[in-house]
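One structure is given here, and the rest of the page talks about it.
In the text below, chain A, chain B and the rest are named by the order of the sequence lines, each starting its count at 1.
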There are 2 protein chains.
Amino acid sequence: MALAEAILVCLTDRPMSGYDLAKTFDASIGFFWRASHQQVYRELARLREKGLVDSREIEQSGRPNRIIHTITNSGEDVVHAWSLKPCRMPSVKDELLVKLYALDTVDISVLREQLDIRLDQHRAKLSAYHRIKEKFYDGQNLTRAGKGKLIALTMGISNEGEMVKTLGTAITMLGEIDE
Amino acid sequence: MALAEAILVCLTDRPMSGYDLAKTFDASIGFFWRASHQQVYRELARLREKGLVDSREIEQSGRPNRIIHTITNSGEDVVHAWSLKPCRMPSVKDELLVKLYALDTVDISVLREQLDIRLDQHRAKLSAYHRIKEKFYDGQNLTRAGKGKLIALTMGISNEGEMVKTLGTAITMLGEIDE
DNA sequence: TTCTATTATGCAATTATGTGCATATGGTTT
DNA sequence: AAACCATATGCACATAATTGCATAATAGAA
């Protein structure tokens with residue numbers, strides 16, 4: 001259960017509402033650990049129960065009240081303990097690769113379209129990462145936190161770039177079959 | 001639920017026991033879709049219930065009887081329908097990247113060790129993939145199924161190679177902090 | 001001789017994730 | 001005026017994955 005830790009990590013930076021967190025998980029930290037808003041709210045309820053966050057409701061007029069969550073001391077202890085534990089390998093689960101693996105049971109032109117779609121998705125991610133890097137992490141006086149995010153982003157960029165290249169190769173190889 | 005489809009795809013090739021399938025998921029198809037033996041046995045029970053596989057017990061002396069599972073016609077229909085559906089993007093969930101993202105809450109030397117471990121894991125995968133490619137897919141007269149597996153393997157190799165490179169960069173960048 | 005690995009199957013409990021739905025309001029677009 | 005988007009929260013149901021346990025025989029190593 002590292003969603004808990006990912007949320008706590010976000011709250012280390014600053015106290016946030018569930019809505020803020022959900023948006024963060026749609027962007028920044030979501031590049032490395034994806035979660036929906038429902039998941040975030042459910043996990044926040046658990047963290048509150050365990051006393052790892054402190055939640056206070058803020059009155060608002062016009063729109064629903066916000067609930068601001070602040071990390072507690074025991075929350076920080078949990079983050080620290082987690083940081084020392086070894087990391088798991090992310091588990092691979094890619095339907096596209098399974099379809100390539102099972103090439104004699106699938107239609108090549110359909111699969112080709114699916115590869116094209118995937119290629120576009122990786123291109124989109126790549127340019128999004130580039131924009132973020134230029135906007136926030138190209139200055140030279142970065143904090144330690146900023147440097148860490150830059151390293152993660154750099155890995156993301158080279159990952160996506162590589163995916164774009166490999167998918168191109170795969171599409172070419174697929175095109176050379178049955179022609 | 002694409003574990004069902006991954007199992008059916010394996011059974012398209014040849015009928016297999018749960019044990020055989022579990023081993024296949026520890027290697028070959030497991031490179032693209034990971035599953036434990038418990039998961040495989042449970043899913044096989046479901047597939048049997050739905051009539052997508054046909055299961056017959058084979059008597060053995062000395063050791064437990066094997067149950068051989070064969071894909072049925074409706075099982076093949078399910079695989080075909082699945083092959084036409086668009087593929088999902090694999091969901092990113094990587095603790096190591098979250099730790100980099102949260103660099104000011106983690107100890108750099110501990111994180112460095114974790115990066116080293118990850119680097120070794122990717123190197124191991126890379127050389128395993130290379131061995132398999134040389135052994136099974138370097139000949140020129142491949143079947144269509146073989147060509148598909150070669151494309152998937154090629155993508156795996158370039159993925160792992162890229163991870164090895166990027167982790168090297170990340171370790172260097174991490175080393176340049178606080179020195 | 002004890003311990004471990006391999007073959008072969010699976011249940012039970014827990015934890016995690018995904019999908020659909022529900023509510024409430026103010027501002028902007030058509 | 002109606003439709004839609006952003007803000008803000010969350011429940012309920014369903015599916016999937018992890019972890020620990022359980023059984024049972026044989027072969028080979030320590």
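- Across the protein-nucleic acid pair, A/I67 atom CD1 and C/dT23 atom P stand 19 Å apart, rounded to whole Å.
- Regarding B/M16, its CE atom lies at a distance of 15 Å from the P atom of C/dT7, rounded to whole Å.
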Item to check | Audit row: A/F31, A/K125, side-chain contact (heavy atoms from CB on, under 4.5 Å) steps and yes/no | outcome: CA-CA 9 Å; A/F31 298 147; A/K125 270 203 165 189; 5.6 Å; no

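- Using a 4.0 Å cut-off between a side-chain N of Lys or Arg and a carboxylate O of Asp or Glu, A/E43 and A/R46 qualify as a salt bridge.
- At a threshold of 4.0 Å, the pair A/D20-A/R66 counts as salt-bridged, since one of the basic side-chain nitrogens sits closer than that to a carboxylate oxygen.
- Summarising the local packing, CG of A/N73 is surrounded by 12 or fewer heavy atoms from other residues, nucleotides or ligands at distances under 6.0 Å.
- Nearest-nucleotide positions on DNA chain C place B/K23 closer to the 5' end than the other of B/K23 and B/R48.
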Next on the checklist: One character per nucleotide, please: for nucleotides 17-24 of chain D, 5' to 3', B when the base has a protein heavy atom closer than 4.0 Å, S when only the sugar-phosphate does, - otherwise.
Outcome noted: BBBBB--B

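- For A/R46, the side-chain atoms get nearest to C/dT17 when compared with the rest of C/dA8, D/dA6, C/dT17.
- Atom pair B/Y41:OH and C/dC11:P shows a separation of 11 Å (rounding to whole Å applied).
- For B/Y19, a side-chain nitrogen or oxygen approaches OP1 or OP2 of C/dT7 to under 4.0 Å.
- In this structure, the CZ atom of A/R66 is 16 Å from the C1' atom of C/dG26, given to the nearest Å.
- Looking at B/D94 and A/R34, no side-chain N of the basic residue comes within less than 4.0 Å of a carboxylate O on the acidic one, giving no salt bridge.
- Atom C1' of nucleotide D/dA8 and atom CD1 of A/I68 are separated by 11 Å, given to the nearest angstrom.
- Residues meeting the side-chain hydrogen bond (donor to acceptor under 3.5 Å, both in side chains) test with B/D77, sequence neighbours left out: none.
- Each of A/A45 and A/N65 lies near DNA chain D, and the nucleotide nearest A/N65 is the one positioned closer to the 5' end.
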